[in-house]
Protein chains: 2
Amino acid sequence: MLQASANIDTSETLTERQKAVLDAALRLLVEEGDQLTMTAVARRASCSKETLYKWFGDRDGLLTATVQWQASKVRVAPVDREGHIASLTASLERFASDWLNVISSDTSIALNRVAVSHAGSGKDNLGAVVLENGRFALARRLKPVLEAGRQAGLLDFSDAETAFRSFFGLVARDVQIRLLLGDRLELTEATIGGDAARATQQFLALFGAKTGPQGL
Amino acid sequence: MLQASANIDTSETLTERQKAVLDAALRLLVEEGDQLTMTAVARRASCSKETLYKWFGDRDGLLTATVQWQASKVRVAPVDREGHIASLTASLERFASDWLNVISSDTSIALNRVAVSHAGSGKDNLGAVVLENGRFALARRLKPVLEAGRQAGLLDFSDAETAFRSFFGLVARDVQIRLLLGDRLELTEATIGGDAARATQQFLALFGAKTGPQGL
DNA sequence: GCCGAACCGTAACGTACGGTACGCTATGTG
DNA sequence: CACATAGCGTACCGTACGTTACGGTTCGGC
């Protein structure tokens, strides 16, 4: 049986067939939420329940493997580290836009829902996995950009974590919690772009180096 | 049977006994999360299951009534509307502090968890109730303060909703989602005060009227 | 061609829990 | 006192679903 961990890349140890099964489970998770049944997964994946139990141990194991499988699929594009303000602004807007697209996707909503549901009851591995591959992964990707901005004299902050969290708040605002709670909040390509630009300008107004406020 | 609605104040129509039962359900919800059973509620409240069904219809009705009952207990202190910057800053800090205290409370976390869990499956009344009495209620309370600040020439924004959402993001940042996902994030009285002050200063830096930046 | 392993499909088991029925007690009310 | 009503406790029913068991099929290795 496969073991669960918060940050192991399970995509290495999975066979193609297993990946296909997890993809089926993922689709089912998006469609039906947490109340997907082992029977439904087996039927959708055209495999036997016995195989599911042999591979993943129990229902929680299957859920965890599914969440990790989705997490392992999200891979990061490296960002340039040039020192001019245009590049920094573009990078920040890109991050903001990416993040808004992620948290508003059906997959993210479904995964966060099931992770939140399981977070209360003891074995809250799912919440840790989602956080690790969501918010914490974003922080790890963004912090080098912030640091580069500071090195280039474009940004001014004492703690990268604090700066990141403010950026995070300016970008996401109430979007994620409203979506998780079922609020119909349509985010189009246009509004996401606008929100990303607005959040970036606000962030630069707060953390931009004193030598030259960039509008807003 | 009681009817469910997003914004009816049910505290009027509930008997003392019913309130006691809902308090028991609420405590159980905080302790055990969504997997509380009707039997457990009946035992905790020292009432019969039949009474629960007669009063609340079914399990969803009980859950909804419980969430509404908690919502009805949160009542608001009016804020002063004087026009000086000290008063505005104090009000904003107060709101920020209150909000952080709310979203980090066990009760709020439990309620949001169960509402998120139910949001995927059709009858997502709970999510609407939580949003209505949480984030939307906060907006209704805060917007008059923002408008007053604008009238007094202390704030500058075109849309109160947009300004509110930025304030919301600066205050909450990643706190709520991390708590819902089970992250151990200790918020003490001191850190909440500091965060509230920081968020308020950031908000004033972004939306304060041009005539005099207030530090930061 | 034979063997064992892996796996599919499905039937069956056990249990937890939502929902219902019923007997009992207590408290009015004429 | 007779009666009705409200509500407690509990036994019970039906079902959904996690889990297991088992017969049948495919496939690689000898």
Take the protein atom [atom1] of [X] and the nucleotide atom [atom2] of [N], then report the distance between them rounded to whole Å.
{"X": "B:Leu62", "N": "C:dC17", "atom1": "CG", "atom2": "P", "answer": "15 Å"}
{"X": "A:Gln35", "N": "D:dG18", "atom1": "CD", "atom2": "P", "answer": "11 Å"}
{"X": "B:Tyr53", "N": "D:dG9", "atom1": "OH", "atom2": "P", "answer": "16 Å"}
{"X": "B:Arg59", "N": "D:dG14", "atom1": "CZ", "atom2": "P", "answer": "22 Å"}
{"X": "B:Phe56", "N": "D:dG7", "atom1": "CZ", "atom2": "C1'", "answer": "13 Å"}
{"X": "A:Arg44", "N": "C:dC8", "atom1": "CZ", "atom2": "P", "answer": "16 Å"}
{"X": "A:Asp58", "N": "D:dC17", "atom1": "CG", "atom2": "C1'", "answer": "14 Å"}
{"X": "A:Leu36", "N": "D:dA16", "atom1": "CG", "atom2": "P", "answer": "17 Å"}

ask   = Between A:Asp60 and B:Ala45, who's closer to the 5' end of DNA chain D by nearest nucleotide?
value =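 Residue closer to the 5' terminus by nearest nucleotide: B:Ala45.
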
ask   = Of A:Glu50 and A:Thr39, whose nearest nucleotide on DNA chain D comes first from the 5' end?
value =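 In this pair, the answer is A:Thr39.
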
task = Indicate the ring-plane relationship of B:Trp99 and B:Phe168, choosing parallel, tilted or perpendicular according to the 30° and 60° boundaries.
result =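 Aromatic pair B:Trp99/B:Phe168 classed tilted.
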
Nucleotide of [options] approaching [X] most closely (side-chain heavy atoms):
{"X": "A:Met38", "options": "D:dG9, C:dG9, D:dT19", "answer": "D:dT19"}
{"X": "B:Lys49", "options": "D:dG9, D:dT20, C:dT20", "answer": "C:dT20"}
{"X": "A:Lys54", "options": "D:dT19, C:dG18, C:dA6", "answer": "C:dA6"}
{"X": "B:Ser48", "options": "D:dC8, C:dG9, D:dC17", "answer": "D:dC8"}

Check the side chains of [Y] and [X] for a donor-acceptor pair under 3.5 angstrom, ignoring hydrogens and angles.
{"X": "A:Gln70", "Y": "A:Thr107", "value": "no"}
{"X": "B:Thr51", "Y": "B:Ser48", "value": "yes"}
{"X": "A:Asn112", "Y": "A:Ser108", "value": "yes"}

When you check the phosphate oxygens OP1 and OP2 of [N], does a side-chain N or O of [X] lie under 4.0 Å from one of them?
{"X": "A:Trp55", "N": "C:dC7", "result": "yes"}
{"X": "A:Thr51", "N": "C:dC8", "result": "yes"}
{"X": "A:Arg17", "N": "C:dC8", "result": "yes"}

Over 12 non-hydrogen atoms of neighbours within 6.0 angstrom of CG in B:Asn101 =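 Enclosed.
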
